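Here is the structure we will look at.
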Amino acid sequence: MSSDRLAFARALYDGVPLYDPKRAPVALDLTDNTNLWGMPPAAERTWRALPVSRVTRYPSLYSAELKDALAAYVGVPADYLVTGCGSDDILDSAMRAFGEPGSLVASSEPSFAMIPIFAQMNGLAYAGITERADQQPDLDALLATRPRILYLCSPNNPTGALVARATLERAVREAPGVVFIDEAYAEFAGVSSARLALEHENVLVIRTMSKAFGLAGLRVGYGIGHPALVRDVEKSRGPYKLNAMAETVALAALREDATWVADHAALAVTNRDRLADALRARGYAPLDSAANFVCVPVAQAVAVGQALRARGVAARPFEALPHVGDTLRVSVGPWPLMEQFLAAFDAATAEVTR
Ligand code: PMP
């Protein structure tokens, strides 16, 4: 395939990469922070019994039924919700909805790797502002960029750090534009900023059913914000975006699987802290995490990642993160899988540092 630009292509797209998290298949994949306990039971039953009409007919326009169920789950009125094809779709649609061509998206870094790509895809400028040594966003520097869109992720991917409530509240009060608060991992943190979306009209809280709900393959995400704000995201997103199978299964999960989801999120938290302890016992200093993964500084993380892969285990390496250096981000799941990881990690680090 030629990389030459087609005569009719937008110049802007030359600089847009395809997302490549280097996720080649492996026996034990701990790279994507999905639910390693599997799919919730009512969701699975519903999935297996889906009527053919869910395939042959169009889905609902804007997922009204799902919004009602999400409203009950989150504790906001249904008109504060917009659904999407994964929270990726919410982020992308919202950037299109609120960014005039060339206006600025500012994000704390390191954070979700898709943010600069979504900005570029939508013809927006991007400023990444390095976080402070305590893993908190440098809010003064972020606000100084006067962003049209300010992105904060709490708990943050890849560090796991929860953004201080006072920082989020100040961001919402002082930002000149819209504040996106990405809560993909909120269920593991046990706190949410959904209330901020009820109190301020410039907040979009972004959530997903890909992580705690175990439905990543169905692509169900949602945004929470003032009704006028989420309606614009909905216009930008377009109709029929959430497919009918996803909507039906997600509804079952919200109506019948809440206990399963909460129990397994609690298990993930227990095993996360146990994994962090096991790493500390080996002399490592994992970062404090409020999510379902552990980010641990490891010298030569890319080489260690390759040595892990050679043993059938994948964790996501990050090179030279500010203040902490190379790290591995490890998704948390059932303890036997964590033991498998630790055994491979011991062998891999021994091989790399030999
Ligand atoms: N936000 C964050 C912080 C994430 O880590 C991810 C997934 N890696 C997403 C959003 C997108 O998730 P999804 O599109 O599956 O909802």
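Remember, it's 1-based here, ligands and their atoms both numbered in the order they're listed. What you are looking at is a predicted structure, and each value in this text was computed from that prediction instead of being measured.
The salt bridge (Lys or Arg N to Asp or Glu O under 4.0 Å) test applied to Arg207 returns Glu183, Glu187, not counting sequence neighbours. Judged as a salt bridge (Lys or Arg N to Asp or Glu O under 4.0 Å), and not counting sequence neighbours, Glu319 has no contacts.
Under a cut-off of 6.0 angstrom, the local environment of CD in Glu169 is crowded, with over 12 non-hydrogen atoms contributed by other residues, nucleotides or ligands.
Using a 4.0 Å heavy-atom criterion, the residues that approach ligand 1 are Gly86, Ser87, Asp88, Phe112, Cys153, Asn157, Asp182, Ala184, Tyr185, Thr208, Ser210, Lys211, Arg219.
For Tyr240 and Tyr58, the gap between ring centers is short of 6.0 Å.
With hydrogens and angles left out, the side-chain atoms of Asn122 and Asp92 include a donor and acceptor closer than 3.5 Å.
Applying the side-chain hydrogen bond (donor to acceptor under 3.5 Å, both in side chains) test to every pair with at least one member in residues 275-289, sequence neighbours left out, gives these pairs: Asp277-Arg280, Arg282-Asp346.
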